[in-house]
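Here it is, the structure in full.
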Amino acid sequence: MSLEIIGAYATAFCLLIGSIFTLVAGIGLLKLNDSMTRLHAPTKAGTVGIGAFLLASVLHSMTFGDGSMHELLILFFLFVTAPISANFIAKVNIHGRSCDPLPPLAEGEIWSTLDVPEADREFVAQKDL
């Protein structure tokens, strides 16, 4: 087996894995009910799917042509920004109260994402009614 054949099989494998993960992400985005559960589909499976596509592109360019590192930079940017954007979307849902209420905490502890000042707690409690 030559290096080009191994590279072609590796590229095809990465494309297949990327297609499966992207399909699962699309189905999850359509089928899951609320925004907090729907958030997991594009940030987890979608990121792995796009990562596999970019890895396939790197393998193909290294095997059959001049190598390109642009895909690796895109992959790095994607893996750094996807969890951060998911965290911000989750915080918006928690602050907007569009998700299930947070579970109760032990005495003296507070949620780090939902620190309501003491003066505003009465207003928030009335708004929830």
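All figures in this text were calculated on a predicted structure; none of them were measured in a lab.
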Residue pairs involving residues 53-74 (criterion ring-ring contact (aromatic ring centres under 6.0 Å, His included); sequence neighbours excluded):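 Listed by first then second residue: His60-Phe64.
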
Can you name the closest pair of heavy atoms from Ala56 and Cys14 and give their distance?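 So the minimum-distance heavy-atom pair works out to CB-CB, 3.6 Å.
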
How would you list all residue pairs meeting side-chain hydrogen bond (donor to acceptor under 3.5 Å, both in side chains) that involve residues 1-27, not counting sequence neighbours?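 Qualifying pairs, neighbours excluded: none.
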
Which donor-acceptor pairs under 3.5 Å do the side chains of residues 71-84 make with protein atoms, sequence neighbours left out?
{"residue": "Glu71", "atom": "OE1", "partner": "Ser68", "partner atom": "OG", "Å": "3.3"}
{"residue": "Glu71", "atom": "OE2", "partner": "Ser57", "partner atom": "OG", "Å": "2.9"}
{"residue": "Thr81", "atom": "OG1", "partner": "Phe77", "partner atom": "O", "Å": "2.8"}

Identify the heavy atoms of Ala25 and Gly46 that sit nearest to each other, and give their distance.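 Scanning both residues completely, I find the closest heavy atoms to be CB-N, 3.5 Å.
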
Which heavy atom of Leu39 sits nearest a heavy atom of Ala86, and at what distance?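 Here Leu39 and Ala86 meet closest at CD2-O, 3.5 Å.
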
What's the spacing between Phe21 CZ and Ile50 CD1 if we round to 0.5 Å?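 It is 12.5 Å, given to the nearest 0.5 Å.
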
Side chains of Asp66 and Ser61: closer than 4.5 Å at any heavy-atom pair?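 In short, these two side chains do not touch, never coming nearer than 4.5 Å.
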
Answer yes if Leu54 and Leu15 sit in the same cluster of Ile, Leu, Val, Met, Phe, Trp and Tyr residues linked by side chain heavy atoms under 4.5 Å apart, and no otherwise.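 Shared cluster, yes.
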
When rounded to the nearest 0.5 angstrom, what distance separates CD1 in Ile27 from CG in Leu32?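 The CG atom of Leu32 is 10.5 Å from CD1 of Ile27, to the nearest 0.5 Å.
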
